[in-house]
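Step one of this worksheet: look at the structure below.
One is the number of the first residue; the rest follow in order along the sequence.
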Amino acid sequence: KSQAEMSFQVTQDLVLGEKPAKGQEDTRAHGMLNVGVWDVTIENADHSSTQSLGSLAVVDKPELETPSPGIVCLDQGAREISLTGTTFLRNEKMKAVLAVEGVDTPFPMTLADCTKIVHEGLDAEVCNSASVTLDPGSVDVGFPGLTVDNPETAACTSEEDRKLRVVPPPTIDTVEPSLACVAEGDRTFVISGKDFLRIDGSDPTVTVGTMDFAVDSMDGCEPLETQGNEVEVCTAINITIAKDALPPDLYDVTVLNPQPAGCDAMASGLLRIVPPPTIDDVQPALVCLDDGDQMVVVNPSVPAKTLQE
């Protein structure tokens, strides 16, 4: 540019190694500079030269491992994602960011496990772990790709195939039977809906009123692709309410998907537990059936019946 300033381009196809002596064959390899801190030497046409020791730092592109957790629900609260890998860069005040497929603005990363780049006058470091906070609704339901973008002036991007599964909360449609008595024995119930998850063998938590009930089995299940977890998404949950486990009342039913997805659904008044019938009185208490049918009234819990001869 001037006698006081010059510029040069560092390409991916440099001639590497020391220049051979005059008359010797040049067998130097071509490629990129290795990661490290390099001396820079400038030689004029008259062979005068100057050297700046350790003045150019070269860092590798970032590498991203599978995020943890690999599946989240963002409908009911923010979630923190932990990232591990190599060469997450901080250069002065600029830091690496996480880009999510389909989201316009990348997410800031809180960097950790960092090592300073030894370069005089350069305030920079490379890190091997980070965390990112995803706000509610910040990423749509789906399976978007993830990349780490390093800041200028070393703005390389990770190339690994990394994705995050974002799921919706579960939905409860019905409970069958919706009316039941548990005073005389155990009863089984089917909760129907969608997006009931089994994650790494863990089933949802089912709560009736304030009492939790174990999941007996799940139906309508299909595998859901993730990275780092084994997940099934199901449409029905089977539970058993033991004898006398719940007193008569109208109950809300809640399904909470297992961690790390989380998120729950609560359906109000879907299950009515009723007491057994009681017989206080039968009128008339004495009948003769030889002359035909007789009307007998059972009070107060059972409607009138006609007893056939």
Are the side chain of R79 and the backbone of P260 linked by a donor-acceptor contact shorter than 3.5 Å?
yes

State whether the side chain of D113 and the backbone N or O of S129 hold a donor-acceptor pair below 3.5 Å, judged by distance alone.
no

Please report the shortest heavy-atom distance between L256 and C263, naming the atom on each side.
CD1-O, 3.5 Å

Can a donor-acceptor pair be found, under 3.5 Å and without considering hydrogens, that links the side chain of Q76 to the backbone of D264?
yes

Go through the side-chain N and O atoms of T207 and D212 and say whether any donor and acceptor fall under 3.5 Å apart.
yes

Verify, without hydrogens or angle tests, whether S158 (side chain) and V148 (backbone) share a donor-acceptor contact under 3.5 angstrom.
yes

Check step by step if side-chain contact (heavy atoms from CB on, under 4.5 Å) holds for V167 and D195.
CA-CA 8 Å; V167 295; D195 297 311; over 6 Å; no

Sub-3.5 Å donor-acceptor pair from the side chain of E101 to the main-chain atoms of K163, do we have one?
no

Distance-only donor-acceptor check, side chains E65 and T84, under 3.5 Å
yes

Can you tell me how far apart NZ (K116) and CZ (R90) are? Round to the nearest 0.5 Å.
7.0 Å

For P177 against F189, the heavy-atom pair lying closest together:
O-CD2, 3.3 Å

Flag, side chain of E160 to backbone of L64, donor-acceptor distance under 3.5 Å
yes

